Structures are given as C-alpha cells and as structure tokens.
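Because the structure is predicted, anything quoted here is derived from the model rather than measured. Sequential numbering from 1 along the given sequence is applied to the chain's residues. Every heavy atom of this structure was used, including side-chain atoms; hydrogens, water molecules and symmetry mates were not. When a ligand or atom number is given, it counts from 1 through the structure's own listing order.
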Amino acid sequence: MIILSIDIVVLPVAGLGSRFLPATKVIPKEMLPIVDIPLIQLAVNEAINAGVREIVLVTNPEKPAIEAYFRPQPVLEQVLIKKGNQAALKSIRDTLPEGVTMHITYQYESLGLGHAVLCAEKIVGDRPFAVMLPDDLIDGGGTGCLADMVQLYNYTSACSLAVEEVPREQTNKYGIVQLKGYNIIAMVEKPDPEEAPSTLAVVGRYVLPSAIFSALKKVQPGVGGEIQLTDGIAAILDHFEFRAHRFEGTRYDCGSKLGHLKANMVYAFKDPALAIPLRQWIVEYLLKT
Ligand code: UTP
C-alpha cells in the first residue's frame, strides 16, 4: 500500500478577528506581528519545515492584505536595492520560498472553521492534508508541531489533532477530546466544564483525511451558529484512526490579547538586540508601578 505524505496545508484566515477590533477593522488578525514577523508568516514557516509544498489560503476578499503580503512588491524592492538594504530585501522576498505554491480561495461569509476548511475542497481534492490556525502560535519543540504530526502520519498513516491540557473551567472555549489509549474516540465542541469528557483541548494543528469534506457538508450549524470543524471530525472518528498529539513546545493563543502580548515578549527575548534593553526596561517599569 502506498501511503501519501502530507504535501498540502490549509490556512483558514477568513475570520472576523473581533477580539482585536478596532485594529482588525483594516488589518487582518493573521497579519498582526510577533515582533516584526506576521502570524501568517510564522505559520507558513512551520508548514514548510514540515515538508509541505502547497499552501491554501482560505481568505475573505475584505482582507486583501494577506494576499498582498505574499505577492512581490517591485516598487519597494527597488527602493531597498537603491538603499543597499539587503537584509530587508531578503525578508520581503522570502515570504514564500521557491518551489512552494500558494493557492487562494475565498470564504465570503465567516460561517465557521468547518465551513472555511470546506472551501478548500476543490484544491485539496482526495489527498490527506493539514490544517493550521495561524493564531495558535506554537513555539519550540524541535522542527515544529506540524512536522511531528506529518511524521506520525508517514509512519502510521494515522490522522492527528494537536492537543493540550487546559484547566477544567476553560473547556467551554475549546473542542475537547475523549481518548482510548492514544486514539481519539469522541469529540465535543466547547462543552460545559461539568460535561467535558476530559480536559484535553484541540489546538490549531490538524492532519485530516479528504473524507472530512463530505462529513462537513452534512454538519448542521452548531455552537454560535457556525459550521464547526470539530463536528465534521466527530462524524468520521469511527472510520479513521485519529491520534491525539501532545506537542512539544508552548502554544500562545495569539487570537487573544494576552496570548499575543506573551508571544511578543517571548520572541523579543529571543532577539539579542532586544533582550537586554527590554529586560532592563521591564524591571525599571515594574519598580516604578
Ligand atoms: P477564531 O475562532 O479565532 O475566530 O478563528 P476569528 O473570527 O478569527 O476571531 P474572533 O473570535 O472574532 O476574535 C480561528 C481561525 O479560523 C479562521 C480565522 O481566520 C482564524 O485563522 N476562521 C474562523 C475562518 O477562516 N473562517 C471562519 O468562519 C471562522
């Protein structure tokens, strides 16, 4: 039997980003920077590290900045060439490495994550594929969370969902899984703490079979009137092996203000030019307040 590897990732980026309004009135949430790198670029980098060669952006025409970011900017390039600013020139040219194809498709209305994934059906076709949510930034852990999940697929042909422990009082913010061994046997979207089958929450990395598309077409709008990806996955759990992948590294929920601020601090401390003055300033500021 030939096992296909995962060569395509879907990045759903058509959400409203309402928790970051008014900034996200014109700047897509996925373009918010972690220090100087937009969240979408960090997700693309992780996908490329995992060996993915095709990227599907499921976006909204009202968010043109994301597409523009991945297009060449000849006028800006000429300015940087004239100034001899090679580092900046490289940074804007490297947004999408050679050999990587980006497909753009639209979700015209934010009808939920499951619906956004369904919008990629024609491009993905009958291949197994990955889904990454750029606002879940996973820092550390070797080659990256998605690379580990792709490797798991290559060795076992098992699909997988990245999971992490959350406090029981927060189960109503996540898709929660029920496990038997490593395998996921049930899932429920945003359960009340007293009804949650565990405290293991799904975070934004998925390796899925193409059968998810037909399952999503049958899903009725669930929590919040949205078509939930969780409900689609729950419908095919009996037919496919789904592993819970407890990833290495730390996840920052950059869809929330606190998570985004924490990620910025962590990445700033990785940059030697920022780390020392930032530490000094934080100490001074905390002593003053
Ligand atoms: P979120 O659940 O964080 O929703 O989406 P959101 O609309 O972006 O943000 P808030 O809650 O209003 O602040 C997680 C990911 O799924 C995408 C988002 O763009 C984000 O990358 N998404 C969500 C879609 O592409 N379409 C949708 O209908 C919903």
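Here the rule is side-chain contact (heavy atoms from CB on, under 4.5 Å) with V202, and of I176, I233, D136, L161 only L161 fits it.
Listed by chain and number, P12, V13, A14, G15, L16, G17, S18, R19, K29, E30, Q107, S110, L111, G112, L113, A116, P134, D135 each place a non-hydrogen atom less than 4.0 angstrom from ligand 1.
In this model, no donor atom of one side chain and acceptor atom of the other lie less than 3.5 Å apart for T143 and N49. Checking E165 against T199 by side-chain atom types alone, a donor-acceptor pair falls below 3.5 Å.
Annotation: cation-pi geometry satisfied between K270 and Y267 (NZ/CZ under 6.0 angstrom from ring centroid, within 45° of ring axis).
Applying the side-chain contact (heavy atoms from CB on, under 4.5 Å) rule to Q170 yields the partners P167, K173, Y174; only residues at least two apart in sequence or on another chain are considered.
With respect to R127 and D7, a salt bridge is recorded, a charged nitrogen being found less than 4.0 Å from a carboxylate O.
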